[in-house]
Structure formats: C-alpha cells, structure tokens
K.L.:
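I'd like to ask some things about the structure below.
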Amino acid sequence: MGSTTGRKFSDIQSDVYDVVIVGGGVSGLTLAAALKASPYTSALKVALIEGMSLAPATKWDPSPDQLSNRVSSITPASQAFLQKIGVWDYVYPERVRQYDDMRVWDGVSGARIQFDSFQLDAAGAPMAYMTENLNLQQALLESLAEAPGDNQVKIFDSTKVEQITNSTDQLDDVDLSSWPAVKLSNGSTLRARLLIGADGVNSPVRSYAGIESRGWDYGQHGLVATLTMEWDDRQDIAWQRFLPTGPIALLPMPGGKASLVWSTTPKLAAHLKSLDPKAFCTLVNAAFRLELADLNYLYTRSDPEEIEAEFEWRDGMLPMEDEGAKFPVRVVEVQENTRASFPLRMRHCDSYVAPRVALVGDAAHTTHPLAGQGLNLGQGDVASLMSVIERAVVRGADIGDEVVLQEYWAERYPANHVMLGVVDKLQKLYCTDSKPVVALRSAGLEVVASMDWIKKLIMKQATGI
Amino acid sequence: MLGTIKHSSSRLCQTTLRLTSRSHSTASSSAFSPDELAHFNALASSWWDANGPSRLLHKMNPLRTSFIFDTIDAYALPSKTRLSGLKMLDVGCGGGILTEALARNPRVESVTGLDMSEQVLEIAKKHKRQDPKLVMEQKLDYKLCSLFDLPVPEAAAEGKDEQRYDVVTMFEVLEHVPDPSALLETATKLVRPGGWIFASTVNRTAAAYLTTIFVGEDLLRMVPKGTHSWSKYINEKELREWFIEHKTSVPGTGEHWDVVTSKGCIYIPFVGWEFCGPRDLGNYFLAARRLS
C-alpha cells in the first residue's frame, strides 16, 4: 500500500454523506423529502445546503391579506407526487387556489381558445393549483422535521458553497478520490456519494461536473406582482393574452387576489415597475382589455391621471357581455413591494448527470413562464430521479454510479426537451405582429379550439396526468 | 438457426468426454487459457469506465441482480432456501461489477469474488476502496485463484455449521473457459442444499454470431474485439441437459439439481438489457438449484 498517512475513514466519517443536495429551493427540498419518505432510501444519510436562511420558510406566519410574489402553478402530476411523499398535507390549504378553466387569446387577431375541465369531460378536475413557493417550502421543511431524530436530513442554511472539488483525503483504508467534496462557508467539507445540483440556473454543481448548458435569452423580462381584484371571481379562470412584446397572464389566488406574470421588453418592464401603483393597475387592465394600438399609446404616458382618463374612455366602449367571459375582473390594487422582474431565458443542459452528480430543476433547464411549467419540470425530475435511486438501492448499485444516473437522464431529457421546445416555439410564434404569421397562427388556434380531442391531448400534456 | 443447433455437437458433452481422460491437476492449470487472460488483462484499466469498453457489462448488471433475487424469491422453498444472510461466490468476478452490487445488497452476508487475472483483480480491489460502505462492512472479499483451487467448504454435520455457499454466480464465464463442464462440476460441489447456481452465456447460433461478434465487436465496436469466440458459446439446451445428465439423482448422494428457469435476453439500444426473445437464440441466463 505504500506509505500510510495514519488517517482513517472513521476520522472523517461524520462529514461523509450518501446524498448532498445543493439548493434549498422547491426542487432540492422535494428531493430531500422524497428520500426520507421512501422506505428504500429513508436510511440514506442526506445533507442539504442553502446559501440563504430558511428561517422565513420555517417560521412563516403569513397574514391572510398579504401574498408573496413568488408563486407557482402546480400541475396535478406534481401535486400527486407531493401527496405521495406526504408533503401536501403540510401545505396551508387556504393559501392554495385551483383553477379549472383557462382562457388564452391572441392580442393581435383576437383569436381565442378556452380550456375548461367541465367542457372537456373532466368536471371538477383542477388544471393546476396556484400557491406561493413559500407555502411549498414551509410544507417541505415541516415534513423533513417530522423524520425520526437520528435519521433527519442535515440542513446547512445561510451557508455558501465555497468550492467543489474531488476529495483529496489521504486515507489508509478508503479512497474517496472519485467523490465530490463540497467546501462550505462554515469551514466544513462534505463528501458526497451523490451530489445533487438543485442550485438554479447558474449551478455551481453543474460547473464542477463540466456539463454544458445551451440556450438563448428571450430579450424579455418577466414582471411579477400580487394584485387585488375588484371582486373575487369564483369562476377560477387563468387568463393569458399574447401580446407581441410577450404574454401577460393573470392567475387566480385565494381571497380575490391574483398573481401577474407579464413578459415584456426590459424597457417596458422597468417602466411598469416604476409607475405609480394605481397607473400600473390601469395598465394591467388595459393590457387584457384594450386594442394593441390603444395599449401602445398608454405605454408612452406616465401621468397617472392621464393614463386613468385615457383608459376609462376606451374601456367604456367595450361590450358589457364580454365582462368576465373575455376579460378578467378588473385589477384595483397592487400589493406593495411585490413588483419584481427577472430576465427570461431558455436553457437546457446536454446531460443531467456525471459520475456522482445529478442536476434537477433549473440547474438542468430553464423555460419561459408562459406555460407555467418551470416548477413542474423540476418536480418531474425529482420523481424520476427518486425512482432511479430507489431501484439502485434495491439492486445494490452505487447510487452515484454514472450508469445508474444515466437512466434518470434518459427518462427526463426527452420529456423536458419536448416541453421546452413547445414553449419556445409558442413564444416565438406569438412574439410577432407580422400579418401572414398572425393569420396562420389564428387560423391554427381556431382549428384547435374547435376540436375537443386536441384540447384534451394538450391538457393531458400540460397537467402531466 | 435450428439447423445450427442440430449439427453442431454439444460443446459441454465434448469437454465432458475430455474431462474423463484428464487428471484434475491439468484441468486446474487450464481453467483459463493464456490468450483469454491476456485479453482481460488489457481491459483491466478501463473496467469501471462507465462509457468504456465494459459499458455493456455495466448495463447488464441490473438484469443480473434482479434475475438472482427475483428467482430466489419466486422459487424459494422456505424450509430449504435462505432468503437473506446469503453467502455468495462470484466466479470470474472481473473488476467486480456484479460482486460489488451483491455485497451492497442487505440480503447478502458475504461475497467472495474469484478471478484468474491479477491485473483485473487489482482493479476490483482498488475500486472496492472507493466505497467506504464496502470497506467498513467487510462483506466483500476477492481471491486470485481458479475455482478448481478453491477449497471445498465443509458441509453441515454434527456440531458443524454449513460452510458451503447459498449462491454461486458464473455470469459471462462459461464461454471464456476451455473446460466449462469441469468448471460446472466443481461449482456444484460448493453449493449447499437449497442453494443456487446462476449462470449466463451465449447460444452458439448464427444469430448470436451476428449480434455479439459481427455487430457488437466488428461493426459497432461496443464490445472489445476478441472478447468472444463463437466456438466457445454454449447452447441453452446443452447447459440444461448438462444439469439433467450430470446432476439429476447422482447415485449414492441423494443429490438432485433442478434447472428452475432460464431466460433469453437482448441488448436494446437506448433501453438496455431486457429479458426478451427465445432462450435458445442469443444471450441467456439460467438458474439451477441443488436439492437433496
């Protein structure tokens, strides 16, 4: 064996884990909770590292009339998975709003499509559940805290990953040179049989693994905000209008609130963020209700009273019968400090796995929010990776073995690729006002809208069930 | 294809005939031929490269372990067969792809891996050190020797515990040895009553030549050239009949071997190895159980 160092595995054993998850967002926490919920994997030693404090989630004490602006649409497939791993029971139900009707239209031509669970023979089946990411995070953390004491996930929050290298431990009995060693800002170094990158679009784990991420920026920003509606529309409808600058979506939230996702040019996003709150609400209403020419004119105004007056004059001409059928209820208020924007992009990694490394969620792929799939693709990754890990444990395989992990990649890459591709093409198709393109896409939409079987097929894809 | 099976004489029978005129020591020294040894020595360093020449073996591993444990679960006779605390012997363990998986299985108490190539076994030992669980649990042991040189463990007797193995595995081994019959014969002695032999090899058919040698080695080069030699393949029927002829009611011992199941398997690109197709066409797995 050559020279000995006198150091043994037992000296570092306390810092050696079966699974080290980098990232305490929804994907990372879901994987941790799933590992602890499965009888095959609950004995694995798991650590989770998060750079921010998780206290806002663990100590979350939300007030009923305040909603966080970080909101996700959870498909029935994702909800079923969270139910299966025992997390959904910890979600505050009064802060979840389902919708079972979706109305989407072309801002240029006015061509419309409606997806309605009732019309599509799935009465009562929700299309998605809207809730704050914090609600999910607190539920996930709560379920993790329920695991038996000696078997809990070790959570390092407010802890940064300083460096990831291959382990350089010189031990007499064990060779960890193929194991990732994660150096933390608290001074300790965790060695991982399997390192999970749930660390977002600029994933340090992905850089360590040398995995390429490809894609493009949409040149749009997603502006989010929490809005209060004029009254609580009990129809539970999600609204989306495709404007040439990007789609604007309004998703119902509990208590007569709604969540806005307005994809638009960075310049307009900055303008909308800085606008007087009342005028901002007026522009949101205008973006759903007015003709494009009128909307474009309003964008150029910044005096709140002028915007208000110009909008009311034009809005008054809309037919009464379209209220609540073609347009959402009016927005009356934007919750303070909830307007925020972020750049929109498409990214997809060549691979999700490397020896002893797997990427999930945004670390592996990022998509445009127009289909509300971002969080759900991550949940799909976790569900797939979990079943691969379970199978590996049953067969006695090393869960960090690349051959094992490749099964996860082989299952998820094609599914994600299709979803990212469809979303990307929709985005491109609708971000133009070129006449022939508008004519074609409107004719296409009307054909789809008239055929329930195609709509059912689309719904099936979008809900994951 | 059927014609091929018919007019090619049984390889196991031939070798059995040879075996009778041969002293045991010669069999021992030739358990593995020098050129086979050289071939596997050359592969040693890349054995654990998941994208290297041994990729197909790595991909086959899940099928092997599920075949072993599913067969034990499905056909176990509770009074005779142990379901856990299993003592296993992996013959021709190579770099330890299967051996490690067996050792990590909580149902397994101990595994011994045997191989004749020193270089390959060094790789196996080195790789074992990469998993602290394997090192700490001390369930896995490698031996550089031929099956013929392994001392036969003691049978259970008055005041003595059963030392023989619950399971002897011989995956992708029989087609690489000059005298498969002698190897099988020896293996059967090491198994305790109620225990198992799991083996896999390839049928000596035109289809197997086409897939394993022409496509696998020559055309797509998924498998290193020279890994297989067609004339050493063993038909499923031959292996099955070997157990019937040699091991059904061995006079005076009350010993009885039962070929419990055999399954054909193929490698499907982008999917992996699956049990699929007839057992007498290409690759196949076979399970035999010792009863008394």
Side-chain angles (χ1 to χ4, degrees), chain A residues 1-2 7-18 39-41 43-45 166-167 169-180 191-194 351 353-357 387-388 390-411 413-414, chain B residues 47-52 54-70 73 84 86 88 90 95-109 111 122-140 169 268-273:
Chain A
M1 276 289 130
R7 292 190 77 211
K8 285 203 159 62
F9 177 69
S10 51
D11 298 334
I12 60 157
Q13 192 163 8
S14 57
D15 284 331
V16 178
Y17 289 84
D18 289 310
Y40 299 109
T41 57
L44 295 178
K45 195 173 158 194
N166 276 16
S167 158
D169 297 296
Q170 298 290 324
L171 304 170
D172 289 343
D173 49 352
V174 166
D175 167 20
L176 292 182
S177 58
S178 73
W179 288 42
R191 287 78 159 182
R193 181 187 288 278
L194 172 59
S351 174
V353 301
R356 303 205 177 282
V357 173
S387 63
V388 166
E390 280 179 336
R391 278 205 301 275
V393 169
V394 171
R395 322 165 169 146
D398 182 341
I399 59 168
D401 187 343
E402 197 185 357
V403 180
V404 168
L405 298 172
Q406 279 168 350
E407 291 175 35
Y408 155 62
W409 177 75
E411 182 172 286
Y413 186 88
Chain B
W47 206 281
W48 279 97
D49 178 358
N51 301 309
S54 300
R55 181 171 172 78
L56 283 193
L57 274 186
H58 286 272
K59 300 278 279 179
M60 191 190 252
N61 219 35
L63 203 68
R64 291 170 167 182
T65 49
S66 61
F67 182 69
I68 294 169
F69 293 100
D70 292 353
D73 289 342
S84 61
L86 300 171
M88 300 181 118
D90 184 22
I97 298 173
L98 175 65
T99 336
E100 283 194 7
L102 296 176
R104 269 189 218 98
N105 194 306
R107 297 170 61 176
V108 175
E109 185 186 274
V111 192
E122 263 324 297
I123 294 294
K125 288 178 182 165
K126 260 177 125 169
H127 194 269
K128 172 189 164 182
R129 279 167 47 86
Q130 295 186 14
D131 188 345
K133 186 177 156 80
L134 293 176
V135 174
M136 297 325 232
E137 288 184 345
Q138 300 187 328
K139 284 157 70 174
L140 172 58
T169 56
I268 308 169
F270 306 110
V271 175
W273 286 92

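First the proteins, then the strands, lettered A, B, ... as listed; each starts at 1.
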K.L.:
Count the heavy-atom pairs under 4.5 Å between each of A/Gln406, A/Glu407, A/Arg395 and chain B, then report the option with the highest count.
P.N.:
A/Arg395

K.L.:
Taking NZ in B/Lys126 as the centre, count heavy atoms belonging to other residues, nucleotides or ligands within less than 6.0 Å. Is the count above 12?
P.N.:
no

K.L.:
Tell me the closest heavy-atom pair linking A/Trp179 and A/Tyr17, and the distance in Å.
P.N.:
CZ3-O, 3.8 Å

K.L.:
Hey, are B/Thr169 and B/Asp90 close enough side-chain-wise for a donor-acceptor pair under 3.5 Å?
P.N.:
yes

K.L.:
With a 4.5 angstrom heavy-atom cut-off, could you sort out which part of B/Arg107 is near chain A: side chain, backbone, both or neither?
P.N.:
neither

K.L.:
Decide yes or no on salt bridge (Lys or Arg N to Asp or Glu O under 4.0 Å) for A/Lys8 and A/Asp173, but give the supporting numbers first.
P.N.:
CA-CA 6 Å; A/Lys8 285 203 159 62; A/Asp173 49 352; over 6 Å; no

K.L.:
Give, as side chain, backbone, both or neither, the part of A/Arg356 having an atom under 4.5 angstrom from any heavy atom of chain B.
P.N.:
side chain

K.L.:
Is the number of heavy atoms from other residues, nucleotides or ligands within 6.0 Å of CD (A/Gln170) greater than 12?
P.N.:
no

K.L.:
Taking atom CZ of A/Phe9 as the centre, report whether more than 12 heavy atoms of other residues, nucleotides or ligands fall under 6.0 Å from it.
P.N.:
yes

K.L.:
Is it the backbone or the side chain of A/Val404 that comes under 4.5 Å from a heavy atom of chain B, or both, or neither?
P.N.:
neither

K.L.:
Tell me, side chain or backbone of B/Asn61 under 4.5 Å from chain A's heavy atoms, or both, or neither?
P.N.:
neither

K.L.:
Tell me, side chain or backbone of A/Arg391 under 4.5 Å from chain B's heavy atoms, or both, or neither?
P.N.:
neither

K.L.:
So for A/Ala410, is it side chain, backbone, both, or neither that comes closer than 4.5 Å to the heavy atoms of chain B?
P.N.:
neither

K.L.:
Which of parallel (below 30°), tilted (30 to 60°) and perpendicular (above 60°) describes B/His127 and B/Trp48?
P.N.:
parallel

K.L.:
For B/Lys128, is it the side chain, the backbone, both or neither that has a heavy atom under 4.5 Å from a heavy atom of chain A?
P.N.:
neither

K.L.:
Heavy-atom distance under 4.5 Å to chain A: side chain of B/Glu100, backbone, both or neither?
P.N.:
backbone

